[in-house]
Every structure is written in C-alpha cells, then in structure tokens.
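All of these numbers come straight from a predicted model, not from anything done at the bench.
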Amino acid sequence: MLFDFSARAAQDCYKLLASTIVPRPIAWVASVDEDGRPNLSAFSYFNILTNDPAVVAIGISTGEAGRTKDTLRNIRATGEFTVCLVSEPLAQQMNTTAIDFPPGVDEMAIARLRAAPSQFVRAPRVADSPVAMECVTHQLVPVGERWTIVLGRVLALYVRDDCVLDAKRHYVDTSKLQLVARMHGRGWYARTTDLYEIRRQTFADWNAREASGSPAPDAA
Ligand SMILES: Cc1cc2nc3c(=O)[nH]c(=O)nc-3n(C[C@H](O)[C@H](O)[C@H](O)COP(=O)(O)O)c2cc1C
C-alpha cells in the first residue's frame with residue numbers, strides 16, 4: 001500500500017513515520033535559560049549526521065497551543081546544550097522529564113537525577129547517563145510551521161569510564177552502555193541487545209568470491 005503524504009494529515013504522516021523508522025536513538029537534551037536555570041527533555045527525532053565537523057540533529061516541534069518548547073528557547077538564547085544518551089536504568093526518569101512541565105521547572109531535580117558540570121558549555125549533563133555530548137549550535141533550520149531542526153556541533157563526548165575499552169584507540173564497549181531506543185507509538189522502547197554481525201566486504205572480496213564460484217553470504 002502506498003501512502004501519499006500530500007493527501008494526509010500531519011498526524012497520520014507521523015504515525016506512519018514513527019512506526020516504521022525504528023529504532024530511534026533518544027537525545028536527552030540538557031540546556032539552561034538566560035538565568036542559568038536548567039532544563040532536560042527527551043527527543044527521538046535525533047541522530048548523528050556528520051563527524052568532520054561532528055554534527056548531531058534534533059527535530060523539535062512546537063508544543064501545546066504553539067508554545068515554543070523550553071529546550072529550543074534555551075538553545076536559541078544560549079547557543080549551547082548537552083545531549084545525554086539514555087540507558088535502560090534511566091528510561092523511566094527520561095519519561096518523567098518528557099512531561100510538559102511549565103517553563104522554569106528543573107526536570108532533573110523532579111526526576112531525581114544528578115547533574116554533572118560540563119567542560120565547555122554551561123548546560124550540565126545527566127551524571128548517570130553513560131554518554132553525553134557537549135554541543136554548540138551549528139545551525140537552526142526552520143521546517144514548516146511547527147518544526148525546527150537543531151544542528152549541534154559536538155565539542156566533546158563523555159563516555160563513562162567503565163565503558164571505555166581502549167581510550168588511545170577510541171574503542172567503546174557499546175553493549176555495556178545499555179542504551180535504549182524509541183520504537184512505535186507513544187510508549188514503546190527497544191533494548192540494544194539483540195545483535196548480529198554482517199561482515200563488510202570490499203570490491204576485491206566480492207570479485208574473489210565470484211571468481212571462486214563460492215556462494216554469496218546472502219544465498220539461501
Ligand atoms: C521518548 C520521547 C521522544 C520524544 N521526541 C521528541 C522529538 O523528537 N521532538 C519533539 O519536539 N518532542 C519530542 N518528545 C516530546 C518532548 O520530550 C516534550 O514535548 C517535552 O515536554 C519538551 O520539553 P521542554 O519544553 O522542556 O523542551 C519526545 C518525548 C519522549 C518521551
């Protein structure tokens with residue numbers, strides 16, 4: 001079945017996109033307002049886009065009655081934020097911070113999370129989050145009437161010590177991070193534990209296999 005987006009309400013497009021583009025990593029974005037008051041919220045329209053420079057993207061919509069979300073307001077005001085990643089032990093607290101609290105509410109305190117100071121930006125990071133990126137605004141891209149894509153340049157990335165396998169070679173124990181991702185609907189999440197490997201092949205590998213007549217790895 002082909003769903004023509006030109007003939008569909010935005011909410012229906014959301015249902016189709018959010019239930020098919022899965023799993024989505026979750027950016028737990030910490031920011032501060034002009035007066036230094038902290039804010040923390042979750043965003044699953046999120047991913048890394050480039051690594052030179054390192055840029056992440058977060059899609060933020062307006063909230064109820066067209067209200068600008070605190071995260072976007074703070075990023076506009078300060079140009080700084082952190083993106084913390086959500087591990088399974090923190091998932092319930094992440095859900096609490098996504099409640100539409102009024103401006104000025106410290107979601108970190110409400111969710112009983114500890115803040116740790118950042119090195120390069122004023123926004124703190126969630127101390128127990130196994131990964132956190134310190135970011136400055138690279139660009140804000142307005143999209144349509146309700147959306148802004150925040151492109152954030154990553155100045156530094158914190159990884160919890162016990163998850164670093166080899167700092168010199170930049171090897172991280174990804175499974176140990178226990179990250180969760182967003183699935184379909186409002187309340188479904190996935191663990192990142194059901195893994196399997198597909199070996200990358202070069203053109204030379206492919207040629208050698210063709211020449212030897214051995215079956216392709218994807219042959220039934
Ligand atoms: C897992 C999860 C993912 C979310 N992803 C987004 C998103 O990508 N974009 C968005 O605008 N809101 C998203 N939300 C909703 C925001 O977290 C929510 O509107 C929050 O109250 C915004 O807080 P703020 O006003 O403090 O910035 C998500 C909520 C949850 C629980």
Side-chain angles (χ1 to χ4, degrees), residues 3 5-6 8-31 38-51 53-88 90-101 103 107-108 111 121 123 125-126 129-155 157 177 179-192:
F3 296 92
F5 275 25
S6 68
R8 266 160 232 288
Q11 189 55 25
D12 296 332
C13 298
Y14 168 77
K15 283 191 210 160
L16 292 165
L17 292 166
S19 56
T20 53
I21 301 176
V22 291
R24 296 189 301 283
I26 301 165
W28 215 1
V29 179
S31 57
N39 188 84
L40 181 67
S41 302
F43 299 91
S44 67
Y45 280 23
F46 160 63
N47 223 307
I48 178 175
L49 294 192
T50 59
N51 64 288
V55 169
V56 293
I58 305 158
I60 304 182
S61 68
T62 51
E64 292 297 312
R67 183 178 78 82
T68 300
K69 293 188 181 178
D70 299 339
T71 301
L72 182 59
R73 220 195 30 256
N74 292 349
I75 290 174
R76 279 199 181 120
T78 65
E80 298 180 348
F81 56 99
T82 65
V83 175
C84 307
L85 300 184
V86 180
S87 60
E88 195 174 351
L90 299 175
Q92 294 290 350
Q93 286 158 294
M94 176 279 296
N95 196 37
T96 301
T97 65
I99 293 171
D100 52 346
F101 294 112
E107 289 94 350
M108 261 201 220
V121 299
R125 65 179 167 85
V126 176
S129 173
V131 180
M133 286 159 265
E134 299 188 25
C135 301
V136 290
T137 303
H138 178 76
Q139 205 177 326
L140 298 180
V141 184
V143 177
E145 309 252 302
R146 296 187 49 223
W147 287 87
T148 303
I149 298 174
V150 175
L151 297 176
R153 194 151 51 78
V154 181
L155 302 183
L157 180 127
L177 301 173
L179 298 179
V180 293
R182 193 170 190 197
M183 295 293 293
H184 56 285
R186 278 176 71 78
W188 286 96
Y189 295 88
R191 300 181 177 90
T192 46

Heavy atoms only: give me the nearest Ala123-Glu80 pair and the separation to one decimal.
-> N-OE1, 4.5 Å

Selection residues 16-30 - residue pairs positive for salt bridge (charged side-chain N to carboxylate O under 4.0 Å, His left out), sequence neighbours left out = none

Which residues satisfy the salt bridge (Lys or Arg N to Asp or Glu O under 4.0 Å) test with Glu107, sequence neighbours excluded?
-> none

Got a second to check how far Arg182's CZ is from Tyr189's OH, nearest 0.5 Å?
-> 5.0 Å

Compare every heavy atom of Gly59 with every heavy atom of Phe43, then report the nearest pair and how far apart it is.
-> CD2-O, 4.2 Å

Taking only residues two or more places apart in sequence, or in another chain, which ones meet Ser31 in a side chain to side chain donor-acceptor pair (under 3.5 Å)?
-> Asn74

If you round to the nearest 0.5 Å, how far is CD1 of Ile75 from OG1 of Thr68?
-> 12.0 Å

Quick one: are Ser41 and Lys69 in side-chain contact, heavy atoms under 4.5 Å?
-> no

Side-chain H-bond candidate by donor/acceptor type, Ser129 with Trp28, under 3.5 Å = no

Rounded to the nearest 0.5 Å, what's the gap from CD1 on Ile60 to CG on Leu72? Could you check?
-> 5.0 Å

CG-CZ distance between Asn39 and Phe81, expressed to the nearest 0.5 angstrom | 13.0 Å

Side-chain donor-acceptor distances from residues 143-152 under 3.5 Å, at least two apart:
unit_1: Arg146; atom_1: NE; unit_2: Thr62; atom_2: OG1; d: 3.3
unit_1: Arg146; atom_1: NH2; unit_2: Thr62; atom_2: O; d: 3.1

Listed by chain and number, what are the salt bridge (Lys or Arg N to Asp or Glu O under 4.0 Å) partners of Arg76, not counting sequence neighbours?
-> none

If we only count heavy atoms from C-beta on, is the Val154 to Ile48 side-chain gap below 4.5 Å?
-> no

Thr82 side chain vs Cys84 backbone, donor-acceptor pair below 3.5 Å | no

Close side-chain approach of Val29 to Phe46, heavy-atom, < 4.5 Å | no

Which pair of non-hydrogen atoms, one from Gln93 and one from Ala111, has the smallest distance, and what is that distance?
-> NE2-O, 2.9 Å

By side chain to side chain donor-acceptor pair (under 3.5 Å), Arg67 pairs with (sequence neighbours left out) Asp70

Heavy-atom nearest pair, Ile26 first then Ala181, reads CD1-C, 4.2 Å

Kindly compute the distance separating OG1 (Thr96) from CG (Leu90), expressed to the nearest 0.5 Å.
-> 11.0 Å

Residues in side chain to side chain donor-acceptor pair (under 3.5 Å) contact with Gln139, at least two apart in sequence or another chain | none

Rounded to the nearest 0.5 Å, what's the gap from CG on Asp12 to CZ on Phe5? Could you check?
-> 9.5 Å

Partners meeting side chain to side chain donor-acceptor pair (under 3.5 Å) with Arg8 (sequence neighbours left out) = none

Using distance only, find each side-chain donor-acceptor pair of residues 14-22 under 3.5 Å and give its atom names and separation, not counting sequence neighbours.
unit_1: Ser19; atom_1: OG; unit_2: Lys15; atom_2: O; d: 2.5
unit_1: Thr20; atom_1: OG1; unit_2: Leu16; atom_2: O; d: 2.6
unit_1: Thr20; atom_1: OG1; unit_2: Leu17; atom_2: O; d: 3.3

State which residues pass side chain to side chain contact (heavy atoms under 4.5 Å, CB included) with Val131; sequence neighbours excluded, sorted by chain then number.
-> Leu85, Leu157, Leu177

Not counting sequence neighbours, which residues clear side chain to side chain contact (heavy atoms under 4.5 Å, CB included) with Pro53? List them please.
-> Val55, Arg153

Taking only residues two or more places apart in sequence or in another chain, which ones pass side chain to side chain contact (heavy atoms under 4.5 Å, CB included) with Thr192?
-> Leu179

pair Val121-Cys135: side-chain heavy atoms closer than 4.5 Å = no

